[in-house]
Amino acid sequence: MEVNNDTMQKSKFGRICVFCGSSQGKKSSYQDAAVDLGNELVSRNIDLVYGGGSIGLMGFVSQAVHDGGRHVIGVIPKTLMPRELTGETVGEVRAVADMHQRKAEMARHSDAFIALPGGYGTLEELLEVITWAQLGIHDKPVGLLNVDGYYNSLLSFIDKAVEEGFISPNARQIIISAPTAKELVKRLEEYSPCHESVASKLCWEIERIGYSSED
């Protein structure tokens, strides 16, 4: 669905990386949320970076952004292409060697991160960018689209970790959560980092993960 240019809103973000499942979930609300997020990005003139698949929630959000006329960058390991790419792909597909390169490439091209509902892979990607933020490798906002309370248990676990002294209160503020795409993107726009940097950014980027803030 194309969005009229007259309704476009300016955003501080040029691209947002979306982590989400290669499954579509059992509830239609998850699929609806993926489409709503895609439409929200389009309405704010934001391009999409994602895991490159054409199935599951990845397919819903990428198709919505592509149909709205925004650029889509899909980053996918070559070994996963037969599994996660079916039919016609949308936008630009970048094949990489492995999962580590996939995450570094997605992060490098993004100004913020959003996680839709997903499984192990989504959680792993989400927690890694949260950890990178905690270490000072980046200061980009990280959001959870908490559809129908899907991430309530995860947020409760994180709050418990704060209570027990394993996560600092400042680091808890890295994670932004909202039930709708419109509210979440608005909160990401307003985000201001308040956690302490720990790692040497330049050393970590070059030597450890190949991540670079340069496009």
Side-chain angles (χ1 to χ4, degrees), residues 16-38 40-41 48-65 72-87 89-91 93-107 109-110 112-134 140-161 166-167 172 174-181 184-185 188 209 211:
I16 288 182
C17 176
V18 175
F19 303 131
C20 55
S22 57
S23 298
Q24 62 184 23
K26 291 185 176 180
K27 296 162 66 174
S28 61
S29 56
Y30 300 141
Q31 302 150 38
D32 294 340
V35 173
D36 288 344
L37 176 57
E40 183 65 20
L41 297 185
L48 171 69
V49 179
Y50 81 117
S54 58
I55 58 176
L57 297 189
M58 286 195 288
F60 282 98
V61 68
S62 61
Q63 192 67 56
V65 174
V72 175
I73 298 175
V75 184
I76 185 168
K78 294 176 183 177
T79 55
L80 289 183
M81 292 180 77
R83 175 180 174 179
E84 294 188 357
L85 287 177
T86 60
T89 59
V90 299
V93 177
R94 300 187 181 182
V96 294
D98 53 40
M99 296 295 285
H100 296 290
Q101 188 179 354
R102 179 196 220 178
K103 288 179 291 184
E105 186 76 1
M106 290 167 72
H109 290 290
S110 302
F113 307 93
I114 291 176
L116 279 162
Y120 288 141
T122 300
L123 288 174
E124 190 267 344
E125 291 168 331
L126 169 68
L127 292 174
E128 184 149 2
V129 295
I130 291 170
T131 303
W132 290 354
Q134 179 179 254
K140 302 172 183 180
V142 181
L144 287 177
L145 189 49
N146 194 18
V147 184
D148 291 345
Y150 181 81
Y151 282 115
N152 284 353
S153 296
L154 175 63
L155 293 169
S156 295
F157 165 78
I158 293 169
D159 288 336
K160 180 66 173 177
F166 291 102
I167 295 175
R172 172 62 179 87
I174 293 170
I175 307 170
I176 299 165
S177 175
T180 67
L184 181 58
V185 176
L188 292 175
I209 60 175
Y211 171 85

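Residue numbers count from 1 along this sequence.
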How far apart are the closest heavy atoms of [X] and [Y], and which atoms are they?
X      : Y      : value
Leu48  : Ser62  : CD2-CA, 3.6 Å
Arg172 : Ile158 : CD-CG2, 3.4 Å
Gln101 : Val96  : CD-CB, 3.7 Å
Val147 : Ser29  : CG1-O, 3.7 Å
Ser110 : Ile16  : OG-C, 4.3 Å
Ile174 : Ala133 : CG2-CB, 3.9 Å

Could you measure the distance from the [atom1] atom of [X] to the [atom2] atom of [Y]? Nearest 0.5 Å is fine.
X      : Y      : atom1 : atom2 : value
Ile167 : Asp159 : CD1   : CG    : 8.5 Å
Arg102 : Glu125 : CZ    : CD    : 6.0 Å
Ser153 : Lys160 : OG    : NZ    : 14.5 Å

All ring pair (Phe, Tyr, Trp, His ring centres under 6.0 Å) counterparts of Phe60, not counting sequence neighbours: none

Would you say Lys140's side chain and Ala107's backbone share a donor-acceptor pair under 3.5 angstrom? yes

Report the C-alpha distance between Met106 and Phe19 in whole Å, list the side-chain angles of each, state the deciding distance to 0.1 Å, and finish with yes or no for side-chain contact (heavy atoms from CB on, under 4.5 Å). CA-CA 10 Å; Met106 290 167 72; Phe19 303 131; 3.7 Å; yes

Only counting residues at least two apart or in another chain, list the ones meeting side-chain hydrogen bond (donor to acceptor under 3.5 Å, both in side chains) with Thr180. none

Please lay out, stage by stage, how Asp32 and Val35 fare under the test side-chain contact (heavy atoms from CB on, under 4.5 Å). CA-CA 5 Å; Asp32 294 340; Val35 173; 5.8 Å; no

Check step by step if side-chain contact (heavy atoms from CB on, under 4.5 Å) holds for Ile114 and Val185. CA-CA 9 Å; Ile114 291 176; Val185 176; 4.2 Å; yes

Classify the angle between the aromatic ring planes of Tyr30 and Tyr150 as parallel (below 30°), tilted (30 to 60°) or perpendicular (above 60°).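 Correct class here is perpendicular.
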
Quick one: does Leu57's side chain get under 4.5 Å of Thr122's, heavy atoms only? no

Option passing side chain to side chain contact (heavy atoms under 4.5 Å, CB included) with Tyr151 (candidates Leu145, Leu116, Leu123, Ile175):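 Only one option passes, and that is Leu123.
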
